[in-house]
Amino acid sequence: MEPKYIITKEKNNSVYIRGDKRIEVPEGLKIEELPKLSLDFSVTEYFGIVFDPYIYVNSGEQIKVYVKLPLDIGIYVTNNQTYKLIDTIEIYPKKYALYGNISNGVIYRYWKTNAFFERVFSNKHEALTLIEIINEGESIGTISKIIFKAHDFSLFINNDIICGEMIQLYRLKKGLAVVKLTNKPSLEGSKLIPTVPLKHFGGEFEMSFGT
Amino acid sequence: MIIYFYLQILQNIWDYFRFYQNYIEAILAIIIAIITSRQLTKIIRRRLHEKAPIHVIRNISKLVNYIIILIGMAIAIRQLEIPGVQFTELLIAGGFIGIVIGLAAQQTLSNFFSGILLIIERPFKIGDFINYNNNVGMVTDIGLLSTKVQSFEGFFIRIPNNELFNSPVINYSSSIARLVRVQFTVPFEIDIKKVIEILLNKFNQQWYILIDPPPVVFPVQFLENGIQMEARAWTAGKTWFQLYSSIASLIEETLKELGVPYSYPKRIISELK
């Protein structure tokens with residue numbers, strides 16, 4: 001069951017009420033609820049998709065899979081140009097894990113899911129995301145997880161279906177891969193949700209502790 | 001006639017200026033140095049904002065400020081052309097004074113250079129929790145001469161940079177993930193497999209306990225009052241205190257739920273007939 005909250009107008013001001021919390025913003029600013037990837041940035045900025053079962057990709061080949069990523073509800077104050085997160089309605093319980101070792105690794109939001117080889121139905125709290133896995137290595141690639149920087153990950157909307165930015169995973173050799181955020185929506189014709197604008201630089205993560 | 005009068009005034013002003021030219025140039029040199037250093041430090045602060053930690057920006061600004069003021073002062077002294085005092089002589093004298101000050105302020109200079117090395121090496125940053133010589137607290141400022149640490153009780157400790165640079169310092173915040181271990185005892189009558197299963201289930205429900213590496217609970221040794229167990233759980237460096245402060249309560253709660261009594265030392269006394 002989703003927690004109760006209200007976004008309303010009082011005179012010309014937008015008001016957000018959730019339990020004892022009441023936030024009012026003056027005219028010129030408004031409060032909007034928009035989907036946000038389910039993770040707590042105060043713990044980590046990395047998101048990890050853990051495949052169950054693993055995905056196997058033949059040497060020199062590429063495959064495309066869909067996954068459903070968890071979405072919370074973000075409450076934002078906006079002037080229609082920039083967005084500031086003021087509250088998060090958590091839909092999914094969160095778990096975190098360590099990728100790599102304690103001196104050089106990263107903590108990531110752990111999301112275990114199965115991969116679909118065809119487009120599937122997703123609900124309003126899931127972002128359908130296309131992942132392209134390109135195996136440039138000389139052996140059969142086993143992909144158990146993909147980790148990326150959630151700060152750079154944009155969400156899109158298409159006829160009430162929310163989708164994520166398309167992700168590419170280049171498996172270079174055993175134990176080494178590069179994850180790239182492509183700046184393209186997973187579903188063609190989708191409109192960008194402007195809370196995370198597209199970034200033309202960055203958005204790459206080197207997975208040097210294996211996939 | 002009036003024009004001649006005004007020309008005379010201008011001539012007088014010019015004569016005054018010529019007479020005090022050196023002093024005016026010296027003052028101007030210092031003023032220009034102050035303005036330049038302020039503008040430069042402002043540019044440094046703005047350019048490096050969000051690119052470097054605040055204490056690094058502050059210390060670079062201070063250094064640039066001191067260097068420019070020193071250059072301004074050197075130019076001013078040169079412009080003054082004090083009779084009998086040559087600029088080269090002043091430099092030699094300055095060098096000599098520098099050696100004397102250097103010897104007298106050896107500790108201060110040592111702290112200064114240690115401060116610079118701490119900024120370069122960055123063994124800790126502002127906001128990190130460190131332990132130096134059993135002084136545990138959060139780093140609030142890294143200055144050129146000393147570092148300020150705020151203890152958990154709220155008081156401030158000023159540690160000379162020289163000591164911090166030359167001694168072992170534990171940085172609790174630099175680890176990406178940390179392990180917390182707690183030992184407890186379960187009486188012999190209790191099924192430890194059940195205790196392990198329920199405890200692991202409880203641990204996995206806590207968001208701040210990492211799912212990978214997974215938490216573990218295992219028997220360590222036999223004691224006279226029961227089996228000593230150890231629980232180990234990993235957490236992110238940022239959520240360490242959350243786990244540290246709650247893991248014992250989680251264990252106690254689970255043992256209570258299972259109806260496990262506290263494990264007291266026992267003696268069986270039998271009467272010989």
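To find a chain, count down the sequence lines: A is the first, B the second, and so on, and within it residues start at 1.
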Interatomic distance, B:Ile211 atom CD1 to A:Lys94 atom NZ [nearest 0.5 angstrom]: 14.0 Å
Segment of A:Tyr110 engaging chain B (4.5 angstrom heavy-atom cut-off): side chain
More than 12 heavy atoms from other groups under 6.0 Å of CZ on B:Phe222: no
Atom CZ of A:Phe116 with >12 non-hydrogen neighbours under 6.0 angstrom: yes
Contact summary for A:Ile107 and B:Ala177, nearest pair of heavy atoms: CD1-CB, 4.0 Å
Largest heavy-atom contact set with chain B, pairs under 4.5 Å, which of A:Ser42, A:Gly100, A:Pro93, A:Ala97: A:Ala97
Residue part contacting chain B, namely of A:Val50, when any heavy atom lies under 4.5 Å: neither
Heavy atoms of other groups near B:Glu257 CD, more than 12 under 6.0 Å: yes
Shortest non-hydrogen separation from A:Gly105 to B:Ile176 and the atoms involved: O-CD1, 2.8 Å
A:Lys149, NZ atom: more than 12 neighbouring heavy atoms under 6.0 Å: no
Other residues, nucleotides, ligands: >12 heavy atoms within 6.0 Å of A:Glu118 CD: no
Under 3.5 Å donor-acceptor, B:Lys238 side chain and A:Thr44 backbone: no
Which atom of B:Ala236 lies closest to which atom of A:Val43, heavy atoms considered: CB-CG1, 4.3 Å
Other residues, nucleotides, ligands: >12 heavy atoms within 6.0 Å of A:Ile140 CD1: no
Over 12 foreign heavy atoms within 6.0 Å of NZ, B:Lys202: yes
Chain B contact via A:Asn104 - which portion, at a heavy-atom distance below 4.5 Å: backbone
Nearest heavy-atom neighbours spanning B:Gln206 and A:Lys95: O-NZ, 2.7 Å
Exceeds 12 heavy-atom contacts within 6.0 angstrom, atom OH of B:Tyr244: no
CH2 on B:Trp207 to CG on A:Asp40, rounded to 0.5 Å: 6.0 Å
Inter-residue atom distance A:Lys145.NZ - B:Asp212.CG, 0.5 Å rounding: 6.5 Å
pair B:Thr239-A:Tyr96: side-chain heavy atoms closer than 4.5 Å: no
